[in-house]
Amino acid sequence: MKKHIIVLVAIGCLLLISVSLYKVSANKSKQSKAEEYSEYLSQIVEDDFTGINGVESANAIVSYDESQDQYSVELSLITDEDISEDQVEMYKSVLRKTYVEVKLTINGVLR
């Protein structure tokens with residue numbers, strides 16, 4: 001009888017461990033997908049902004065806030081000409097349509 005109880009407890013423990021490992025694996029998979037999508041979004045932002053006349057390079061970092069289920073972007077541009085305040089506001093406006101928080105740096109100056 002004791003052997004049966006020990007076997008049942010061992011099976012129960014293995015079941016609990018399996019469920020726990022499955023949950024950890026599913027959470028990592030979700031995080032991995034969010035990271036991959038953030039990288040994809042970063043590339044899209046960089047491609048979009050390097051296509052603008054006067055922009056020599058763009059470096060974007062998109063991050064995901066799981067608790068708020070929202071994305072933020074930090075965009076750094078290097079330009080070969082001065083960017084007017086109207087252009088800066090237009091860039092921010094475009095980015096805010098997709099990202100909850102926007103940090104824009106142009107030629108090393110946070111705008």
Open item on the list: Under the criterion side-chain contact (heavy atoms from CB on, under 4.5 Å), I'd like the reasoning laid out for Tyr91 against Ile83: C-alpha separation, chi angles, the key distance, then a yes or no.
Closed with: CA-CA 10 Å; Tyr91 295 167; Ile83 302 296; 4.1 Å; yes
TODO: List the steps, then state whether side chain to side chain donor-acceptor pair (under 3.5 Å) holds for Tyr64 with Asp69.
DONE: CA-CA 7 Å; Tyr64 176 66; Asp69 193 32; 2.4 Å; yes
Open item on the list: For a side chain to side chain donor-acceptor pair (under 3.5 Å) check, start with the C-alpha distance between Ser76 and Asn59, then their side-chain angles and the critical distance, and finish with the verdict.
Closed with: CA-CA 5 Å; Ser76 178; Asn59 182 24; 5.9 Å; no
- [ ] Could you walk me through whether Asn107 and Ile78 pass side-chain contact (heavy atoms from CB on, under 4.5 Å), step by step?
- [x] CA-CA 5 Å; Asn107 297 328; Ile78 302 296; 4.0 Å; yes
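Annotation for Asp80: atom CG counts as buried by contact number, over 12 foreign heavy atoms lying within 6.0 Å. Within 6.0 Å of NZ on Lys103 lie no more than 12 heavy atoms contributed by other residues, nucleotides or ligands.
Atom CD of Glu35 is separated from atom OG of Ser38 by 7.5 Å, given to the nearest 0.5 angstrom. In this structure, Leu77 CG and Thr105 OG1 are separated by 8.5 Å, a value rounded to the nearest 0.5 Å. From Ser63, atom OG reaches atom CG of Leu41 across 10.5 Å, with rounding to the nearest 0.5 Å.
Residue pairs meeting the salt bridge (Lys or Arg N to Asp or Glu O under 4.0 Å) criterion with at least one partner in residues 81-90, sequence neighbours excluded, are Glu85-Arg111.
Partner of Val73 under the side-chain contact (heavy atoms from CB on, under 4.5 Å) criterion, chosen from Thr98, Leu104, Val62: Val62.
Both Tyr71 and Ile44 are members of a single hydrophobic cluster when ILVMFWY side chains are connected at heavy-atom separations under 4.5 Å. No continuous path of ILVMFWY side-chain contacts below 4.5 Å connects Val45 to Val100, so the two sit in separate hydrophobic clusters. In the hydrophobic cluster analysis, where Ile, Leu, Val, Met, Phe, Trp and Tyr join through side-chain heavy atoms closer than 4.5 angstrom, Ile61 is grouped apart from Leu95.
In terms of modelled atom types and a separation under 3.5 Å, the side chain of Glu46 and the main chain of Ala60 share a donor-acceptor contact.
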